[in-house]
Amino acid sequence: MEPLSKQFYCRNTTDVAKELLGKLLVRDLQGKVMVGKIVETEAYGAHNDPASHAYRRKTDRNAVMFGEQGHAYIYFTYGNHFCLNATARDSLPAGAVLIRAIEPTEGIEQMLRNRETSVSTNIGSGPGKLTRAMKITMEQNSADLCTAGELYIAGSNDQRNYKIRRSSRIGIVRGVDKAWRFFISENLHVSKKLKSK
DNA sequence: CTCTCGATGCACT
DNA sequence: GTGCATCGAGAGA
């Protein structure tokens, strides 16, 4: 599995978010490999985006969003969960793509153990769930996603023509006007609540 | 199936 | 002190 190049991430953040759909998230724990197909993403910008961590200024937490493209930006939230982003931007000072959901393709047994569940249908259906399943924590923050190390994103041989849908982002109150969430519709359940928004 | 609600810890005001 | 880029249990339908 070949990592995506840095150039892939040096473009408009929303374009990168859309094109990460169908790509493979790879977690290598000393040879024990877990892989999942990315099926849901969200783009977060800089001073142009009130929902973004990088909206106001560079701080210790969001510094990676202002750094080199193609790196992991990870943060801890709601007292329990880690969320994984890939830094991506062109002319703006900061930007990242939140990986919201994966569909496991390899190492499923290991992911189930990490999640402490036997329900295989929703292993990676949420940003906090997929980091738990793949043992992704702050230790991987700023990791280079363009080299085949412990965490990276690879291209896929699956050339199916996905139906890509987009909507407002989830779990935010500001910036709801931007349709910067992208997902592969056949894989995701869209609740009534979201439809009515 | 749908919806509500509390847990939880840290960054930032 | 306030507010989260969330999750899962539990109740109701």
Side-chain angles (χ1 to χ4, degrees), chain A residues 9 12-18 20-21 25 36 38-67 69 71-89 92-104 111-143 145 151 153 165-183 188-197:
Chain A
Y9 300 95
N12 183 287
T13 310
T14 55
D15 289 343
V16 176
K18 195 188 309 177
L20 276 174
L21 295 175
L25 179 63
I38 297 170
V39 295
E40 182 182 0
T41 61
E42 285 178 359
Y44 286 88
H47 48 72
N48 61 325
D49 180 10
S52 173
H53 288 172
Y55 180 52
R56 296 184 189 282
R57 64 179 167 279
K58 187 174 171 181
T59 65
D60 284 346
R61 178 173 70 151
N62 66 22
V64 178
M65 283 184 77
F66 291 80
Q69 293 93 331
H71 284 247
Y73 167 53
I74 299 167
Y75 63 89
F76 182 72
T77 192
Y78 289 109
N80 311 298
H81 305 289
F82 297 102
C83 291
L84 170 67
N85 298 250
T87 57
R89 64 192 158 87
L92 290 170
V97 176
L98 172 67
I99 311 298
R100 281 197 62 89
I102 59 167
E103 198 178 87
M111 292 193 226
L112 285 171
R113 277 200 300 279
N114 295 339
R115 283 282 318 283
E116 297 177 323
T117 178
S118 58
V119 184
S120 59
T121 53
N122 64 352
I123 298 174
S125 62
K129 294 185 200 174
L130 72 90
T131 53
R132 180 82 181 264
M134 287 193 165
K135 279 197 186 303
I136 294 168
T137 68
M138 293 308 292
E139 287 177 34
Q140 283 73 48
N141 190 32
S142 84
L145 299 173
L151 181 66
I153 299 174
R165 297 185 56 80
R166 64 189 296 171
S167 77
S168 175
R169 291 168 292 180
I170 307 290
I172 57 168
V173 292
R174 301 206 309 286
V176 290
D177 55 308
K178 301 182 191 307
W180 286 0
R181 170 179 176 243
F182 300 90
F183 56 104
L188 285 180
H189 173 70
V190 180
S191 76
K192 230 182 231 176
K193 194 174 170 182
L194 296 172
K195 280 180 186 167
S196 65
K197 273 190 179 174

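Any value given below was found using the heavy atoms of this structure, including those in side chains, with hydrogens, waters and symmetry copies removed. Naming: A, B, ... by sequence-line order, numbering from 1 per chain.
- Distances were taken from every side-chain heavy atom of A:K129 (C-beta onward) to each of C:dG8, C:dT6, B:dT13; the shortest belongs to C:dG8.
- Protein atom OH of A:Y73 is 10 Å distant from nucleotide atom P of B:dA11, rounded to whole Å.
- Whole-Å rounding puts the A:N80 CG to B:dT8 P distance at 7 Å.
- The base of C:dA5 lies close enough to the side chain of A:H53 for a donor and an acceptor atom to sit less than 3.5 Å apart.
- At a threshold of 4.0 angstrom between heavy atoms, the contacts of A:N85 include nucleobase atoms, whether or not backbone atoms are also involved.
- Regarding A:N141, its CG atom lies at a distance of 12 Å from the P atom of B:dA11, rounded to whole Å.
- Note on A:S52: every side-chain N or O is 4.0 Å or more away from OP1 and OP2 of C:dA5.
- If you take CD1 of A:I136 and C1' of C:dT6, they are 16 Å apart, rounded to a whole angstrom.
- Distances were taken from every side-chain heavy atom of A:M65 (C-beta onward) to each of B:dT8, C:dC4, C:dA5; the shortest belongs to C:dA5.
- Geometrically, A:R61 does not engage A:Y73 in a cation-pi contact, judged by NZ or CZ lying under 6.0 Å from the ring centre and within 45° of the ring axis.
- Picking from B:dT8, C:dG8, C:dC7 the nucleotide with the shortest atom distance to the side chain of A:R115 gives C:dG8.
- There is no side-chain donor-acceptor pair under 3.5 Å between A:T14 and A:K18.
- Ring-centre distance between A:Y75 and A:H53: below the 6.0 Å cut-off.
- Look at A:E42 and A:R100 and you find a salt bridge, because one of the NZ, NE, NH1 or NH2 atoms lies within 4.0 Å of a carboxylate O, short of that distance.
- A:R57 comes within contact range of the sugar-phosphate backbone alone, with a heavy-atom separation under 4.0 Å but no base atom that close.
- Here C:dA5 presents its C1' atom at 11 Å from CD of A:E40, a figure rounded to the nearest Å.
- With a 4.5 Å cut-off on side-chain heavy atoms, A:I74 and A:T137 do not count as touching.
- Pairing of B:dC10, defined by two Watson-Crick or G-U wobble distances under 3.5 Å, is identified with C:dG3.
- Between the CZ atom of A:F76 and the P atom of C:dC4 there is a distance of 17 Å, given to the nearest Å.
- Between the side chain of A:Y75 and the base of C:dA5 there is at least one donor-acceptor pair of N/O atoms closer than 3.5 Å.
- Put simply, A:R61 has no side-chain N or O that comes within less than 4.0 Å of OP1 or OP2 on C:dA5.
- Across all strands shown, B:dC5 forms a Watson-Crick or G-U wobble pair, both distances under 3.5 Å, with C:dG8.
- The NE2-P distance, from A:H81 to B:dG6, rounds to 16 Å in whole Å.
- Straight-line distance from the CZ atom of A:R174 to the P atom of C:dC4: 7 Å, rounded to whole Å.
- Nucleic acid contact for A:R132: none, since no nucleic acid atom lies under 4.0 Å from a heavy atom of the residue.
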